[in-house]
Amino acid sequence: GRDLAFCFQEEAGFGALYTAIVRSMARGAAQHGARFRILLLPGKDDLAERAHAGRGYWEDWCARRQAEGVDVVDLTPVLERPVEELGAWFAPQGHYNPAASERVAQELARRLTL
C-alpha cells in the first residue's frame, strides 16, 4: 500500500538521493571485493500497476543501474499473474503468502548462486 514511485525518479529530490546512495553503496562494496545487488520485491499494488501499464515504474531506473554495472534482481516476473489473481500471492498486511515466499526464495537461490 505504499507509493514508492518517487524513489525511482532521479530528477526529484528523494529519487536523486536514493540513486546517490545506491551508487555509493555499490562503489563501497566493489572496493571491498563484495558484490552489491538490488533486490526488487514488488507488492500487490506494484504488480497490479505493472499489469495495467505494461511496465513497472521502477524498470527504467533499474535498467540505468544495470547499465552502470549494478546487479538488479527484479523478482516481478516470478509473481506476475492476471490482475484478478494477484491476491493469491498475498497474506494480510500485504506480506507474501507461503506460496509467493517459496517462489521468491527459489528464484533468489537460483539468481544468487550465479
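No experiment lies behind these values; they were computed from the predicted model shown.
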Report task. Would you check if E107 and V73 make a side-chain contact, meaning some heavy-atom pair closer than 4.5 Å? Result ->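 No, every pair of side-chain atoms sits at 4.5 Å or beyond.
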Query raised in the report: Between R110 and Q106, is any pair of side-chain heavy atoms under 4.5 Å apart?
Result: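 No - every pair of side-chain heavy atoms lies 4.5 Å or more apart.
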Query raised in the report: Could you walk me through whether R37 and L112 pass the side chain to side chain contact (heavy atoms under 4.5 Å, CB included) check?
Result: CA-CA 9 Å; R37 292 184 173 113; L112 298 183; 3.3 Å; yes
In terms of hydrophobic clusters joined by side-chain contacts under 4.5 Å, are [X] and [Y] together?
| X | Y | answer |
| --- | --- | --- |
| W61 | L17 | yes |
| V72 | L39 | no |
| V70 | Y57 | yes |

Taking all heavy atoms of [X] and all of [Y], pick out the closest pair and write down the distance.
| X | Y | answer |
| --- | --- | --- |
| D71 | R111 | OD1-NH2, 4.5 Å |
| P42 | L40 | CD-O, 3.4 Å |
| A29 | F36 | CB-CB, 3.8 Å |

Which donor-acceptor pairs under 3.5 Å do side chains of residues 7-16 form with protein atoms, sequence neighbours excluded?
residue	atom	partner	partner atom	Å
E10	OE1	R65	NH1	3.3
E10	OE1	R65	NH2	3.2
E10	OE2	R64	NE	2.4
E10	OE2	R64	NH2	2.6

Query raised in the report: Once you round to the nearest 0.5 Å, how far does CD of Q66 lie from CG of D74?
Result: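 It is 8.5 Å, given to the nearest 0.5 Å.
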Requested in this report: Give, for atom NZ of K44 and atom CZ of R81, the distance between the pair rounded to the nearest 0.5 Å.
Outcome: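 Answer rounded to 0.5 Å: 12.0 Å.
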Query raised in the report: Any side-chain donor paired with an acceptor under 3.5 Å for W58 and D46?
Result: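 D46 and W58 do not have a side-chain donor-acceptor pair below 3.5 Å.
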Report task. Using the ring-ring contact (aromatic ring centres under 6.0 Å, His included) rule, collect all pairs that involve residues 70-103, keeping only residues at least two apart or in two chains. Result ->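 Of all non-adjacent pairs touching residues 70-103, those that pass ring-ring contact (aromatic ring centres under 6.0 Å, His included) are F90-Y96.
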